S.K.: 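Structure provided below as structure tokens; questions to follow.
First the proteins, then the strands, lettered A, B, ... as listed; each starts at 1. Every value quoted in this text rests on a predicted model; they were computed, and no experiment measured them.
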Protein chains: 2
Amino acid sequence: MPRLEVAARDTRQKRAIRAVLERAERPLSPEEILAAAQRSSAGLGTATVYRTVKSLVEESWLAAVELPGRPTHYERAGKSHHHHFACDACARVYEIEGCTVTPSLPRGFRVRDHEVTLYGICRACSTAKRASR
Amino acid sequence: MPRLEVAARDTRQKRAIRAVLERAERPLSPEEILAAAQRSSAGLGTATVYRTVKSLVEESWLAAVELPGRPTHYERAGKSHHHHFACDACARVYEIEGCTVTPSLPRGFRVRDHEVTLYGICRACSTAKRASR
DNA sequence: GTCGTTGCAAAGCGTTTGCAGCCTA
DNA sequence: TAGGCTGCAAACGCTTTGCAACGAC
């Protein structure tokens, strides 16, 4: 039996969350989304961020960026193939262009997807460190 | 002032955990380590596995394998450079050979390390699926 | 006997869920 | 007004920590 389309309501909280992600220049963690969205929607709660983000991923408006050792980050879906850089110092995650992975696999293994994560120090942090000396 | 070397005791639990990891052919999760080590050390607790694994990582006997969306796995340290394959069906993690990543980064970013994770179906699972039809 | 180690249970931490009240359509 | 949405707090799953008993040396 086909599930009927259910009306999705347009609320202040959802608008705030979408706006934050729309403007983001890098993938954001739920905590970053919450902090940014609270500026335009005071009182916004954690649960709402998680619930909204989850539904945005389901409708393919957002893409989940899972990073080893860090909470899942989120970025706008539909970008061209790319990978990520996670800064050891500030924990921010950046998008990086280009993908040159061509792994050879044992027989019988079938690849569905791949993730490449680079770790290091981002530009902002390496500049800050230099300046503080 | 140099910290004096503290005697590390050789216990049944630690021996069991090390033995499991020594014999493992792929990175194991804490849960897998616990289950396997309990066979030779009944009553072994979770906390002991985490504590032991942590100290083995500190002394570079073990390497942590962090995987997006899964608990950290552990493998013997000192292996040659390689990456990992995570099976969507059985959640097991495998080691894969060869690394062909040569990312180009924006100016000012410095890379310390990188991780490549492939997702898909492992050989055992694709064989099992075929057999069950 | 000393003191590092262990198991248990409680605490953490990020994420999810139950629920009563709220607010969009 | 209906019922999807929200904030709060409790519940989760995995990992860490506090603590008294244990056992290696």
Side-chain angles (χ1 to χ4, degrees), chain A residues 3-21 27-59 61-74 86 91-93, chain B residues 3-21 27-59 61-74 86 91-93:
Chain A
R3 186 169 153 296
L4 297 180
E5 194 62 32
V6 183
R9 291 179 185 173
D10 185 26
T11 64
R12 177 171 52 86
Q13 293 86 338
K14 286 181 187 168
R15 277 192 300 273
I17 292 170
R18 273 194 294 255
V20 164
L21 288 157
L28 301 179
S29 66
E31 195 187 337
E32 291 173 316
I33 298 169
L34 177 66
Q38 278 178 334
R39 274 182 237 129
S40 63
S41 181
L44 177 64
T46 349
T48 301
V49 171
Y50 282 102
R51 279 189 283 235
T52 304
V53 156
K54 190 177 188 183
S55 70
L56 290 175
V57 168
E58 273 160 14
E59 63 190 57
W61 190 90
L62 268 190
V65 178
E66 306 203 307
L67 299 147
R70 331 228 164 176
T72 304
H73 284 55
Y74 299 90
R92 279 194 289 245
V93 174
Chain B
R3 187 170 152 294
L4 295 180
E5 195 61 33
V6 183
R9 290 178 187 173
D10 185 25
T11 64
R12 177 171 51 86
Q13 293 86 337
K14 285 181 188 168
R15 276 192 301 273
I17 292 170
R18 272 194 296 255
V20 164
L21 289 156
L28 302 179
S29 66
E31 195 187 336
E32 291 174 315
I33 298 169
L34 177 66
Q38 277 177 335
R39 274 181 237 130
S40 63
S41 180
L44 177 64
T46 348
T48 302
V49 171
Y50 282 102
R51 279 188 283 234
T52 305
V53 155
K54 189 178 188 183
S55 70
L56 291 174
V57 169
E58 274 160 13
E59 64 190 55
W61 191 91
L62 269 189
V65 178
E66 306 203 305
L67 300 146
R70 331 228 164 176
T72 304
H73 284 55
Y74 298 89
R92 278 193 289 245
V93 174

S.K.: What's the CD1-C1' distance between A:Ile17 and D:dG7, to the nearest Å?
M.R.: 12 Å
S.K.: Looking at A:Leu21 and A:Leu62, what are the two nearest heavy atoms and their distance?
M.R.: CD1-CD1, 3.7 Å
S.K.: Got a list of protein N/O to nucleotides 20-25 of chain D N/O distances below 3.5 Å?
M.R.:
unit_1: D:dG23; atom_1: N2; unit_2: B:Arg9; atom_2: NH1; d: 2.3
unit_1: D:dC25; atom_1: OP1; unit_2: B:Asp10; atom_2: N; d: 3.2

S.K.: Taking all non-hydrogen atoms of both residues into account, name the closest pair between B:Val49 and B:Pro30 and its distance.
M.R.: CG1-O, 3.9 Å
S.K.: Tell me the salt bridge (charged side-chain N to carboxylate O under 4.0 Å, His left out) pairs involving residues 44-59 of chain A, sequence neighbours left out?
M.R.: none
S.K.: What residues form a salt bridge (charged side-chain N to carboxylate O under 4.0 Å, His left out) with B:Glu66, not counting sequence neighbours?
M.R.: none
S.K.: Give every residue pair that meets the salt bridge (charged side-chain N to carboxylate O under 4.0 Å, His left out) criterion with at least one member in residues 30-48 of chain B, sequence neighbours excluded.
M.R.: B:Arg26-B:Glu32
S.K.: Within the modelled atom types, does a donor on one side and an acceptor on the other bring the side chain of A:Arg51 and the base of D:dG7 under 3.5 Å apart?
M.R.: yes
S.K.: Starting from C1' on D:dT16, measure out to CD on B:Glu31 and report it in whole angstrom.
M.R.: 17 Å
S.K.: Expressed as a whole number of angstroms, how long is the span from A:Lys14:NZ to C:dC23:C1'?
M.R.: 12 Å
S.K.: What is the distance from CD of B:Glu66 to P of D:dC14, rounded to the nearest Å?
M.R.: 17 Å
S.K.: With a 4.0 Å cutoff (strictly under), does any side-chain N or O of B:Gln13 reach OP1 or OP2 of C:dG7?
M.R.: yes
S.K.: Output the residues of residues 33-47 of chain B in contact with DNA chain C, where contact means a heavy atom of the residue under 4.0 Å from an atom of the strand; sort by number or write none.
M.R.: B:Gly43, B:Leu44, B:Gly45, B:Ala47
S.K.: Return the value, rounded to whole Å, for the distance between atom OH of B:Tyr74 and atom C1' of D:dC14.
M.R.: 11 Å
S.K.: If I compare all heavy atoms of B:Pro27 with all of B:Val93, which pair ends up nearest, and what's the gap?
M.R.: CD-O, 3.5 Å
S.K.: Under a 4.5 Å cut-off applied to non-hydrogen side-chain atoms, are B:Leu56 and B:Tyr74 in contact?
M.R.: no
S.K.: Tell me which donor-acceptor pairs under 3.5 Å the side chains of residues 10-19 of chain A have, and how far apart each pair is, sequence neighbours excluded?
M.R.:
unit_1: A:Asp10; atom_1: OD1; unit_2: A:Arg15; atom_2: NH1; d: 3.4
unit_1: A:Asp10; atom_1: OD2; unit_2: A:Arg15; atom_2: NH1; d: 3.1
unit_1: A:Thr11; atom_1: OG1; unit_2: A:Lys14; atom_2: N; d: 3.3
unit_1: A:Arg12; atom_1: NH1; unit_2: A:Ser41; atom_2: OG; d: 2.8
unit_1: A:Lys14; atom_1: NZ; unit_2: A:Arg9; atom_2: O; d: 3.1

